[in-house]
2 protein chains.
Amino acid sequence: MIVLLLCLQTNVLIMVNLLSNLKISVPDKIFIKDPESSDLGKRIIEHSILLIDEIGFDSFTFKKLGAKIGSNESSIYRYFESKHKLLLYLTSWYWAWIEYQMVFTTYNIPDKEKQLLKAIEVLTRTIEQDMTFSHINEIVLNRIIINEYSKSYLTKEVDSENKEGYFEVYKRLIKRLRDMISKLNSDYQYPASLASTILEGSLHQHFLKEHFSSITDCDESVTPTQFFTNLTLTLLNSTKNGR
Amino acid sequence: MIVLLLCLQTNVLIMVNLLSNLKISVPDKIFIKDPESSDLGKRIIEHSILLIDEIGFDSFTFKKLGAKIGSNESSIYRYFESKHKLLLYLTSWYWAWIEYQMVFTTYNIPDKEKQLLKAIEVLTRTIEQDMTFSHINEIVLNRIIINEYSKSYLTKEVDSENKEGYFEVYKRLIKRLRDMISKLNSDYQYPASLASTILEGSLHQHFLKEHFSSITDCDESVTPTQFFTNLTLTLLNSTKNGR
DNA sequence: CAAACATAATAGTAATACTATCATTTTTAA
DNA sequence: TTAAAAATGATAGTATTACTATTATGTTTG
């Protein structure tokens, strides 16, 4: 047990070190000025995460954020043209961070099934450890993704924004998962739908656990990871070799 | 083929007749004044569906709706205290209508598996036939559910609104599906999570089909119904009798 | 036919989601 | 070192939103 904890801790430390030299890359059309390029920019990101978590995205405004960081509304508009773009930035950052973890932790696993299970774990788990390698609090950001992510694409502008590449990171992540599914069982007919269902469904189960507990089996003892691991393994094993 | 079409047609007709005597019941705390009780109320519902579909819920306002139906903003406020409550009304109505169809079409099916499959079909299919038994266009309302439903519960007020009973219809529908799952296979460990995943996941696959086709297998020839039917049957058959 | 009720018209408010302009401070480059 | 450039701050302004309140007008019904 202690060994396991040490391993986990070590893994986290390795990632923190790697990431402090790496920069999570977000499509640059999302922002006017890169928030990573200045102190004010970083404060905007740091405190927008905290404020959106606190009051919800719908009540969040640049004016309130300005007040919180002792800066001016008009200065924030020099980084993001709207609060919607800021949400796109935060979600792209989050998915790029998850993608990084997924690729990193599955890279050297030769067994395809174990690899897929590890990927599902990374994608569906509750974020409990703040990597603190930066100004971004990943635990809080994870809550924002659960509560607000859908709002980033459930808009009338989704098609034009998709063409601009604003959802590339998310789609790439799902395609990686889809490819792992297909590699494990090339007979399974719906790898992309399964992959997108795992990602979106996991966010949904986390939400239900908090707010509509009567329509989920997930609670303190059962995790969305267990539900989707069981689901995926059962699906892929039973269709293997035309069984 | 002709017989099948006639059967479908007949079923629809039976339902239209039944429903013209029945009233879809929506929790009455959602509205100030029942929109079914007056001509203006019905016009509010009819045209709010069309206008939300046209410009999206985010751009929708009571002022614009008033202009569209030749009525006054202030009159609409006598029916609903906010556009959020109107969305809750529309979604509750929709789920109650789906629930009615599900209960109706599965009632006399003795085979549990066939019954569950029928239920999944009703819950996940594209609405293609407008029942036109009323002022409500179900095809358009279905599109609204796909594009806007999440916004009705992804709010800071979700817990208090849940206590008020605003999501009862939706939860009841999922519980019905969960019970059918459990009846078919009592060994399966996650009947509620599977049921909620089918409902939410189906809306999501319909959305992906329209806007992010690269991360779904659903298209003109593959339906969300097929994906979730295959998924459910495989899951429930493989865990049956501890297999 | 009068009271009750429904709807319409108008006005008003605080907040939102910005844009524009100009002043001040900080950084950088010659 | 100093001047220009860049970043930030302060202020003001606009159209719209999401309502509330009041009063007027039309319509039903007992």
Side-chain angles (χ1 to χ4, degrees), chain A residues 28-48 51-52 54-90 135 148 151-152 154-157 160-161, chain B residues 28-48 51-52 54-90 135 148 151-152 154-157 160-161:
Chain A
D28 63 4
K29 276 190 171 178
I30 290 179
F31 47 77
I32 298 169
K33 182 182 169 174
D34 186 357
E36 287 296 322
S37 72
S38 75
D39 188 63
L40 177 64
K42 285 175 194 154
R43 285 158 51 71
I44 288 171
I45 299 305
E46 178 180 1
H47 288 93
S48 66
L51 188 56
I52 291 172
E54 193 184 324
I55 65 176
F57 185 68
D58 298 336
S59 300
F60 172 86
T61 70
F62 282 177
K63 195 167 192 177
K64 289 174 187 168
L65 177 60
K68 193 146 203 173
I69 62 178
S71 181
N72 200 277
E73 198 190 355
S74 60
S75 304
I76 301 169
Y77 274 105
R78 290 211 185 78
Y79 287 84
F80 295 102
E81 72 180 59
S82 65
K83 71 173 183 170
H84 177 245
K85 286 287 179 74
L86 172 58
L87 181 61
L88 288 174
Y89 180 91
L90 296 178
H135 47 288
E148 322 283 1
K151 296 172 191 170
S152 74
L154 294 179
T155 67
K156 278 280 161 183
E157 297 77 34
S160 61
E161 293 188 344
Chain B
D28 64 4
K29 277 190 169 177
I30 290 179
F31 47 77
I32 298 168
K33 181 181 168 173
D34 185 357
E36 287 297 320
S37 72
S38 75
D39 188 61
L40 178 63
K42 285 175 195 154
R43 286 159 51 72
I44 288 172
I45 299 305
E46 178 180 359
H47 292 276
S48 66
L51 188 55
I52 291 171
E54 192 185 326
I55 64 175
F57 185 69
D58 298 334
S59 300
F60 172 86
T61 69
F62 282 177
K63 194 166 193 178
K64 289 174 188 167
L65 177 60
K68 193 145 202 171
I69 63 178
S71 181
N72 200 278
E73 197 189 355
S74 61
S75 304
I76 301 169
Y77 275 105
R78 289 214 186 74
Y79 288 83
F80 295 100
E81 73 180 59
S82 64
K83 71 172 183 170
H84 177 244
K85 286 286 178 73
L86 171 59
L87 181 61
L88 288 174
Y89 180 91
L90 295 178
H135 46 287
E148 321 285 0
K151 296 173 190 168
S152 74
L154 294 179
T155 67
K156 278 280 160 183
E157 297 77 33
S160 60
E161 292 188 346

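Values below: all heavy atoms of this structure, side chains included; hydrogens, waters and symmetry mates excluded. Letters A, B, ... mirror the listed sequences (proteins, then strands); counts begin at 1.
- In the set D/dA18, D/dA10, D/dT17, D/dT17 carries the atom at the smallest distance from any side-chain atom of B/Lys64.
- In this structure, the CG atom of B/Asn72 is 13 Å from the C1' atom of D/dT20, given to the nearest Å.
- When distances run from any side-chain atom of A/Arg78 to the nucleotides D/dT8, D/dT11, D/dT17, the shortest one goes to D/dT8.
- Rounded to an integer number of Å, the gap from A/Asp39 CG to D/dT8 P is 9 Å.
- As a whole-Å value, the separation of B/Leu65 CG from D/dA18 P is 13 Å.
- Side-chain contact of A/His135 with A/Glu36: a donor-acceptor pair under 3.5 Å is present, judged by distance alone.
- Around NZ of A/Lys63, the count of heavy atoms belonging to other residues, nucleotides or ligands within 6.0 Å does not exceed 12.
- Residue contacts shown for B/Phe62 are absent, as no nucleic acid heavy atom lies under 4.0 Å away.
- Per the geometry, CG belonging to B/Leu87 stands 13 Å off P belonging to D/dA18, to the nearest Å.
- A/Lys83 contributes a side-chain N or O that, together with a main-chain N or O of A/Phe57, makes up a donor-acceptor pair within less than 3.5 Å.
- Atom CD1 of A/Ile44 is separated from atom C1' of D/dT8 by 11 Å (rounded to the nearest Å).
- At a threshold of 4.0 angstrom between heavy atoms, the contacts of A/Ser71 are confined to the sugar-phosphate backbone, with no base atom among them.
- Listed candidates were D/dT17, D/dG9, C/dA17. Nearest to the side chain of A/Lys83 is C/dA17.
- Residue contacts for A/Lys63: at a heavy-atom cut-off of 4.0 Å it reaches no nucleic acid atom on any strand shown.
- In this pair, B/Phe62 and B/Phe60 present their aromatic rings perpendicular. The plane angle is above 60°, beyond the 30 to 60° band.
- Side-chain contact of A/Tyr79 with A/Ser38: a donor-acceptor pair under 3.5 Å is present, judged by distance alone.
- B/Phe80 comes within 4.0 angstrom of no nucleic acid atom, judged by non-hydrogen atoms across all strands.
- Separating the CZ atom of B/Phe60 from the P atom of D/dA18 is a distance of 10 Å, rounded to the nearest angstrom.
- With D/dA10, D/dC19, C/dT7 as the candidates, the nucleotide lying closest to the side chain of B/Ser82 is D/dC19.
- Of the candidate nucleotides C/dA8, D/dT8, C/dA17, C/dA17 has the atom lying nearest to any side-chain atom of A/Tyr77.
- Nucleic acid contact class of B/Glu73 (heavy atoms, under 4.0 Å, all strands): base.
- Of the listed nucleotides (C/dA8, D/dG9, C/dT7), D/dG9 has the atom at the smallest distance from the side chain of A/Leu40.
- Within a 6.0 Å radius of NZ in B/Lys29, no more than 12 heavy atoms belonging to other residues, nucleotides or ligands are found.
- Across all strands shown, A/Thr61 has heavy atoms under 4.0 Å from sugar-phosphate atoms exclusively, and none from any base.
- Remark: C1' of D/dA7 and CD1 of A/Ile69 are 14 Å apart, rounded to the nearest angstrom.
- Taking only side-chain nitrogens and oxygens, B/Tyr79 never comes nearer than 4.0 Å to OP1 or OP2 of C/dA6.
- Phosphate proximity of D/dA6 to A/Lys33: absent, as no side-chain N or O sits under 4.0 Å from OP1 or OP2.
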